[in-house]
Number of protein chains: 2
Amino acid sequence: MDPSAPRQMHLGVFILGAGHHIAGWRMPDAAGTSEDLAMIARIARTAERGKFDLLFLADAVNTRPDMHPSMVLRLEPLTLLAALAMATQRIGLAATASTTYTEPYNLARYLGSIDHMSGGRCGWNIVTGAFADAALNFSRGQHPAHDERYAIAAEFVEVVKGLLDSCEDGIWQLDKRAGRFIDPARMHALNHEGKYFRVKGPLNMSRPPQGYPVMIQAGASEAGRDLAGQVAEIVYAVHQDIGAAREFSADLKRRARQFGRSPDHIKIMPGVSAIIGGTEAEAKAKLAELGECADPVVALQVLAERLGHDLSGFDLDAPVPELPPSGVMRGHAETLTALARRERLTLRQLRNVVAASMGHRLLVGTPEQIADGLQEWFEAGAADGFNVMPPWFPGPFDDFVEQVVPILQRRGLFRREYEGTTLREHLGLPRPAWRA
Amino acid sequence: MDPSAPRQMHLGVFILGAGHHIAGWRMPDAAGTSEDLAMIARIARTAERGKFDLLFLADAVNTRPDMHPSMVLRLEPLTLLAALAMATQRIGLAATASTTYTEPYNLARYLGSIDHMSGGRCGWNIVTGAFADAALNFSRGQHPAHDERYAIAAEFVEVVKGLLDSCEDGIWQLDKRAGRFIDPARMHALNHEGKYFRVKGPLNMSRPPQGYPVMIQAGASEAGRDLAGQVAEIVYAVHQDIGAAREFSADLKRRARQFGRSPDHIKIMPGVSAIIGGTEAEAKAKLAELGECADPVVALQVLAERLGHDLSGFDLDAPVPELPPSGVMRGHAETLTALARRERLTLRQLRNVVAASMGHRLLVGTPEQIADGLQEWFEAGAADGFNVMPPWFPGPFDDFVEQVVPILQRRGLFRREYEGTTLREHLGLPRPAWRA
Ligand SMILES: Cc1cc2nc3c(=O)[nH]c(=O)nc-3n(C[C@H](O)[C@H](O)[C@H](O)COP(=O)(O)O)c2cc1C
Ligand SMILES: Cc1cc2nc3c(=O)[nH]c(=O)nc-3n(C[C@H](O)[C@H](O)[C@H](O)COP(=O)(O)O)c2cc1C
């Protein structure tokens, strides 16, 4: 990238198949679910047409019938990402995978394979698991405590990196005459002996095109921010308030610097849910219609998950109760309770906010207004880019790509064409050097 | 399928990217490795053109530089299968995955997603892990003992089936007017509490098109055969001798009957490596050329793996030593030692056999001779089909599809067109009913 070029924003699309709004699936032209491969592949190709940096798949390893409609049933993200690698050419492909309920040797292989098969487009959203119920699906007595989950995660990431460095670049020889298939001197055991993992290696895979997948993190607690400062190249944030978002961004870039990293190599990408209309009134009417279609039981359940507290005992029409931060989803909990306090919301009102955006920033208006809202945060240092969360598919995302992206391009805020081929190149991140 | 139709054989292709012969990759037109997605996708499409029932990906979770060239470095099979689902339309897609080093909740999701994404074409080769070194990559002190691995595997398979039955068929409602997204009454917890696993469920995925992936097994020990009798729908066998193969087949069908299953629902598919020539002499010359190119160190290492014993202390020119069966790869060990005894082979000779076919049956000759060799075993009840193991790619497999398959078709031994769309349909296996 030309260093004198003006800074441009990065865009990702958060694919929740049935839409990010809890009632999105009920809209007349809504057509997808999180098990609908054809629709998801269509979204991926639309994002690629819009020159998005990446698409992003959330995940959880548990379910219940009253979960968010995009989460109750879904394709598994790693296998889905591999399929999407074949349906796209340039866009980055990021999946969420837990460091609490997978093995680093297995996950290194899945991610490494996706990176190989996609020609260097893989990203990994490192989560410790936002749902404590998951433990019961993995023969565990309980979900490890919050800070221990992060200690495990930090070691897990080191092991994955070490495994992906099992082979130096250039291991392939394929010299038929000499009978040299690989260069055995370039394959190395890892011999990791840590507190949580003992992994000898080597991994049975050559170094992927990107070295490591692009590392993504979305934790907002102290431990989460520290891990992000140390390893994250993208941070998914959840903010309603520009001031809080700027502080968050500055804090994470400071932490990255403390770990000896360039603040340019950690991209802060808050979530944004955009409701686009031909006029502002039309957009607002859409939002109101969505609100009327939202299932209140599911909405309260989603709020309870985000806050990490059972809410069934509280009065919906009283102010949002003060609840201590739980061990899950700190980013959402803090943003939502700050919002409730600032705007003196009742529980019912906060529930309706969550139904619409799960706590993320909601932009409602014309394509110009949406673009303004993105530009404002981008220029204020509150964001390096955005994680776009369409309320349903395919219409609103098509609208975003066809109506909002061209405005951003005209304003010089977003690329008109891909320049590189890997996700690292889209983001302006260097390929990490091989580490012994 | 028409029950009065003559019985037809089933064909799978065993994709070891650099070829099944240890020196296959050195042949002038050899072009693949096990990390070469484009080549593997080409093989898959060739197999589909040949109306193969399925393709099959082996796996291991360890490596070393002197492993078989197709095993030293490779793409991870589950993610690879997902990618191949997008590159093919009809062929079945089977991957090997370990019950010792994965979690049933994760694996159920990977397999279920592949089945969904491929429209019902997924198969799972259930292995307990043939390589004890794997333990060191998974924070384990050691590989569990042989029979315990099988006890874990049996419970693991039950859990995976139970998880895939979390949702009854018809869970999707998508009734926009009534606001009914799914039918919550059709989602069920598993509440499995066994000796090795405690898994509450439900799985966050609807029932896959095939119910369960087609279950494949390749163990040949008592415990392995019992598991196969209980759950396998395809058994990959390793036999050199038609009599032993018939006995093996009869034994497995008897075991299936003991578990209350139809012997027609367990398909015995021994491996066959075919070296095809315009004349028999030409084929033999190819085999000789391959033999000359084989790396003796790697070949001995592969033999040691298959026998489960370190062979470095033995004289290559003395008869093959009598070694007690080890806890790994019983099928290979028994077939190879029986062969060595029957034909009074030296260790060097047996090593060369393994270099060529890893112990599997080797057919060398014209397309007619290859077809004859398959027909003989098929009609004698030694096989329901074959797992074709091309010595390298792409040439020899193209030859198989273009020259051997038409002969089998003319003889009425193999389909000319796919009749169904799922792997179960190709194999004549029923879709399992949902179990509470
Ligand atoms: C935008 C965003 C997306 C997230 N996606 C997931 C997800 O898909 N799966 C998950 O288990 N947790 C997810 N999380 C939760 C965090 O990754 C993290 O595991 C959790 O918030 C606990 O960390 P914290 O206490 O540091 O916030 C997400 C959080 C945010 C802000
Ligand atoms: C044709 C064939 C293919 C096999 N493929 C694999 C494989 O890919 N990965 C693996 O770990 N074991 C593989 N095995 C080994 C068996 O599945 C089984 O795990 C091993 O033989 C130990 O079981 P046993 O003692 O019952 O034979 C294979 C065996 C055969 C015969």
Side-chain angles (χ1 to χ4, degrees), chain A residues 18 25-26 28 30 33 35 37 60-63 65-66 69 71-76 78-83 85-87 101-103 105-106 109-110 112-114 116-117 133 136-139 167 171-172 174 176 179 181-182 184 187 196-206 293 295, chain B residues 18 25-26 28 30 33 35 37 60-63 65-66 69 71-76 78-83 85-87 101-103 105-106 109-110 112-114 116-117 133 136-139 167 171-172 174 176 179 181-182 184 187 196-206 293 295:
Chain A
W25 69 276
R26 295 184 66 182
T33 74
E35 283 189 346
L37 175 63
V61 282
N62 66 309
T63 191
D66 58 355
M71 299 178 178
V72 61
L73 300 172
R74 51 177 142 197
L75 295 174
E76 186 285 323
L78 295 161
T79 45
L80 174 53
L81 222 55
M86 304 294 275
Y101 300 111
T102 57
E103 285 282 344
Y105 197 91
N106 291 335
R109 296 184 74 203
Y110 305 143
S113 282
I114 292 166
H116 273 293
M117 295 192 296
D133 281 357
L136 307 178
N137 292 331
F138 290 85
S139 306
C167 300
I171 190 164
W172 284 110
L174 293 174
K176 292 183 184 185
F181 186 66
I182 59 157
M187 179 182 280
Y196 299 104
F197 300 103
R198 278 168 300 134
V199 181
K200 182 147 187 277
L203 194 73
N204 50 2
M205 186 183 291
S206 69
C293 290
D295 182 323
Chain B
W25 70 276
R26 294 185 67 184
T33 75
E35 283 189 347
L37 175 63
V61 281
N62 67 308
T63 192
D66 58 355
M71 299 181 179
V72 61
L73 299 172
R74 50 177 144 196
L75 294 173
E76 187 284 324
L78 295 161
T79 45
L80 175 53
L81 222 56
M86 304 295 273
Y101 299 111
T102 58
E103 284 281 346
Y105 197 92
N106 290 335
R109 296 183 75 203
Y110 305 143
S113 282
I114 293 166
H116 274 292
M117 295 192 295
D133 280 359
L136 307 177
N137 292 330
F138 290 85
S139 305
C167 300
I171 191 162
W172 285 110
L174 294 174
K176 293 183 182 183
F181 186 66
I182 59 157
M187 180 183 278
Y196 300 103
F197 301 103
R198 276 168 302 134
V199 181
K200 182 144 186 282
L203 194 73
N204 51 2
M205 184 183 292
S206 68
C293 291
D295 183 323

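Only a predicted model underlies this, so the values are computations on that prediction, with no experimental measurement involved. Just so we're on the same page: letters track the sequence lines, and every chain starts at 1.
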*With only heavy atoms counted, which part of B:Leu75 is less than 4.5 Å from chain A, the side chain, the backbone, both or neither?*
both
*Considering only heavy atoms, which portion of A:Met187 lies under 4.5 Å from any heavy atom of chain B: side chain, backbone, both, or neither?*
side chain
*Among B:Ala30, B:Ser139, B:Ala82, residue most engaged with chain A (heavy-atom pairs, under 4.5 Å)*: B:Ser139
*Go through B:Met86, B:Glu103, B:Lys176 and name the one with the most non-hydrogen pairs under 4.5 angstrom from chain A.*
B:Lys176
*Is the closest side-chain heavy-atom distance between A:Pro184 and B:Asp66 below 4.5 Å?*
no
*Engaged part of B:Leu37 at the chain A interface, taking heavy atoms whose separation is under 4.5 Å*: side chain
*asked:* For the interface with chain A, which of B:Ile171, B:Thr102, B:Val61, B:Leu78 has the highest count of heavy-atom pairs at distances below 4.5 Å?
replied: B:Val61
_Is B:Leu174 close to chain A through its backbone or its side chain, or both, or neither, when contacts mean heavy atoms under 4.5 Å?_
both
*asked:* Given heavy-atom pairs under 4.5 angstrom as the criterion, report whether the side chain, backbone, both or neither of B:Ala60 touches chain A.
replied: backbone
*asked:* If I measure from the heavy atoms of chain A, does B:Ala85 come under 4.5 Å with its side chain, its backbone, both, or neither?
replied: neither
_Distance (rounded to the nearest 0.5 Å) between A:Glu35 CD and B:Ser113 OG_ = 8.0 Å
_Is it the case that the side chain of A:Asn137 and the backbone of B:Gly201 share a donor-acceptor pair, with hydrogens and angles ignored and the cut-off at 3.5 Å?_
yes
*How about B:Tyr110 and A:Tyr110: do any of their side-chain heavy atoms sit closer than 4.5 Å?*
yes
*Find the distance between CG (A:Leu73) and CH2 (B:Trp172) and round it off to the nearest 0.5 Å.*
5.0 Å
*Could you give the distance from CG (A:Asn62) to CG (B:Asn204), rounded to the nearest 0.5 Å?*
7.0 Å
*asked:* Test of understanding: with side chain to side chain donor-acceptor pair (under 3.5 Å), list the residues that count as partners of B:Glu76, not counting sequence neighbours.
replied: B:Thr79
_Partners meeting salt bridge (charged side-chain N to carboxylate O under 4.0 Å, His left out) with A:Arg109 (sequence neighbours left out)_ = B:Asp59
*What part of A:Leu80 lies closer than 4.5 angstrom to a heavy atom of chain B: side chain, backbone, both or neither?*
both
*asked:* Only pairs of heavy atoms separated by less than 4.5 Å count here; which of A:Cys167, A:Gly112, A:Gly179, A:Pro28 has the most with chain B?
replied: A:Gly179
*For B:Ala18 and A:Phe181, which heavy atoms make the closest approach, and how far apart are they?*
CB-CZ, 3.9 Å
_Heavy-atom donor-acceptor pair, B:Asn106 side chain to A:Tyr101 backbone, under 3.5 Å_ = yes
